[in-house]
Amino acid sequence: MVLTRYGFENCVGAFFEMATSDARGLLPSHLEPLEAMHTRSVLAVLAFQFTESEVGAYDELVMAIITPPRVEPGKPLPKAAFYPFMVATSTAASRAHAIERWHLPHYMKDVEFDFQESDDAMKVTVSDAGQPVVELTVTQHDFNATVNPYHCFTVEGDERFKVNIFMDAPHSEHDEENGELVLHPHPMTEGLTLEEVSSYPIREEWYRAGVQTFEEMESI
Amino acid sequence: MSTGSNRIQGSGQDAVSADVDALDYDYTNFYFGSGDDAFALLEPFAEWWGQVQPQGYYQYELPLHSAPSTRVDVEDTKTHEVRKGLINFASYNYLGLSYRPEVKQAIKEAVDRFGGGSSGSPILSGTTQLHKQLADELAAFKAKEAAMIFPTGYSANVGVIAGLMRSGDLIVADQYAHASIVDGMILSKAKSRFFRHNKPEDLDRKLRGFEGKKLVIVEGVYSMDGDIAPLPEIMEVARSHNARVLIDEAHSTFVFGANGRGVAEHFGLDAEVDIHIGTFSKSLGGQGGFVAGSRALIDYLRGFSRSRFFSCALAPTVVAGITRALQLASAEPELRTRLWENVEIMQGLLRDGGVDIGDSESQVIPIMVRNDAKVFEIGEELLREGVFINPVKYPAVGKHKSRFRMSISAAHSRDELEEGARIIVDVLKRHHII
């Protein structure tokens, strides 16, 4: 099995409630949103500082809908599953690589990333031509070494794919609702009714310096 | 992070070895799965359950071998040993009425007269004169024109909400609303929104801009944190949007207010709230639920609350016990006084011991552990040491918000409160939680 590895300095992310009607609009027909509660699905916003990859160092923003994992007998249980509907990066090479290999939908311009770490929080601002698009603040909890498995779903035309992703790094997660999200109207946030996205997270996660590994993509 | 015994065993050829702890997973992981067989999830679930059940999930559904009084005999399903005389902080029996001799006598008399069950829907043959008497006495107690009885508290919320609201209407509920409220919202097909817990300003945002029928739903006491709804501010916001208000007083009826009518009475808003829901299973120690309000509301719901008229009516024996318990709760306000004294004693003992009890303002006291991996282990030790109390962890509460949910009763003696608090503090210290 061919593995693709990405070294990172930080990966911070958080889950926010959003309208299920929007989630259904963004998902392909074979995927269901996982609802946090009735009519409220889950938007995952993740920001990576990649330091090592086949296409060098770059920063990346992933916006995804949380979906149920494909639980199968005899297979390891994934921690979560998601469908990325918008990825934005700081380099053209990283976009070309992720589109070709993983069929991930991208915003096709370079965007700017500003990672500001304070005592117990990381604030990430993603801007396009100097205008902020996403402002994400994630707070930390205790860090524990872990390897967490995830399912990532993508599509290309009528083809459907799944790839297993593993996050190997010191990991912190909590539900203290301390972080924050501000989304601005922009082509990257199209499909989201912004006033329906909660400003506080229901889950905050932080992976410090570690490795993200993709297994081979499989058709489903 | 994990111990070997905790790991999920996958038989597939995994290119990366994941460090997966079975206790990190929960029922939500088994909601959807691959394949076309409706039983597809049973095997993965059984594999997971086989690993977590011996590690603590067994602490739910422990059979009681005695009445839910302040001391109980509980079967430990791990060892099959019956642990006798545990101090009971797990039951809802807030006023200690379920086993009062007067209540048991009323039940015995009802058995002799009416037999075991009601044998019919309440709108057909299931209503006895006992049911009518309870509804009338309940309406008088709540100072409302009318009341209606449901077979459970769950069915009361489902039946009232889905009976009143329709597709195209808007329901806005507190994000911590009970599952029965959420299920009522789903069944109603109305547009559903949730506002941030106890934040009237967020309720205002969620109501803004909607034209049409609107219902706001809150609980008097929230069952996981023991905090209460800021009802004056909620009412102000709701009224400014011309929205009706439903309050679920499952944990607050017979506890709050000068007459025990609930949090609405506590805030002097008893007459302002439109719909009052409650249960018989908490303070009255019985079973069932009710709605109280205007005669017009109850008469309307009688024809639209499907969860009521498509269920068998409560057994007359249960109704007789509830009615007697209601009479005792009304006639003995000192029960509430004693309950609040006990709440104050226990909160003081726990706080003095360094225990984090959150923002509890009621007889429901969360004992915060904030260690998801340890809460079952601590629960097992508390059982061995002589305390019966419910562990709560994700997904019932958030990650790192694991806790024990303590219920205080008017029937607890000072000795029981002191002994229980001492055991809890000692065990939490032993586990370095405090």
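Just so it is clear, the values below take in all heavy atoms, side chains as well, and ignore hydrogens, waters and symmetry mates. Reminder, nothing fancy here: chain letters follow the sequence lines and each chain counts from 1.
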With a 4.5 Å heavy-atom cut-off, do B/Val397 and B/Asp225 have their side chains touching?
no
Report yes if some heavy atom in the side chain of A/Thr4 is under 4.5 Å from a heavy atom in the side chain of A/Glu54; otherwise report no.
yes
With a 4.5 angstrom heavy-atom cut-off, which part of A/Glu177 approaches chain B: side chain, backbone, both or neither?
both
Residue pairs passing the salt bridge (Lys or Arg N to Asp or Glu O under 4.0 Å) test with at least one member in residues 173-190 of chain B, sequence neighbours excluded, are none
Would you mind reporting whether A/Met217 and A/Trp102 have side-chain heavy atoms less than 4.5 Å apart?
yes
Among A/Phe214, A/Tyr6, A/Phe50, exactly one meets ring pair (Phe, Tyr, Trp, His ring centres under 6.0 Å) together with A/His97. Which residue is that?
A/Tyr6
Does a side-chain heavy-atom distance below 4.5 Å link A/Arg24 with A/Pro33?
yes
B/Ile275 and its side chain to side chain contact (heavy atoms under 4.5 Å, CB included) partner, picked from B/Ile161, B/Val245, B/Asp248, B/Leu164
B/Leu164
Select all residues of residues 194-212 of chain B having any heavy atom within less than 4.5 Å of some heavy atom of chain A, and report them by number, or 'none'.
B/Phe194, B/Arg196
Which one of A/Glu176, A/His171, A/Arg203, A/Glu17 has the most heavy-atom pairs closer than 4.5 Å to chain B?
A/Arg203
Among the options A/Lys79, A/Glu196, A/Glu195, pick out the one with the most heavy-atom pairs lying under 4.5 Å from chain B.
A/Lys79
If you count heavy-atom pairs under 4.5 Å with chain B, which of A/Ala19, A/Ala36, A/Pro78, A/Ser198 comes out on top?
A/Pro78
Shorter than 4.5 Å, heavy atoms on both sides: which option in A/His141, A/Glu216, A/Arg40 has the most such pairs with chain B?
A/His141
Answer yes or no: is there a side-chain heavy-atom contact under 4.5 Å between B/Tyr394 and B/His400?
no
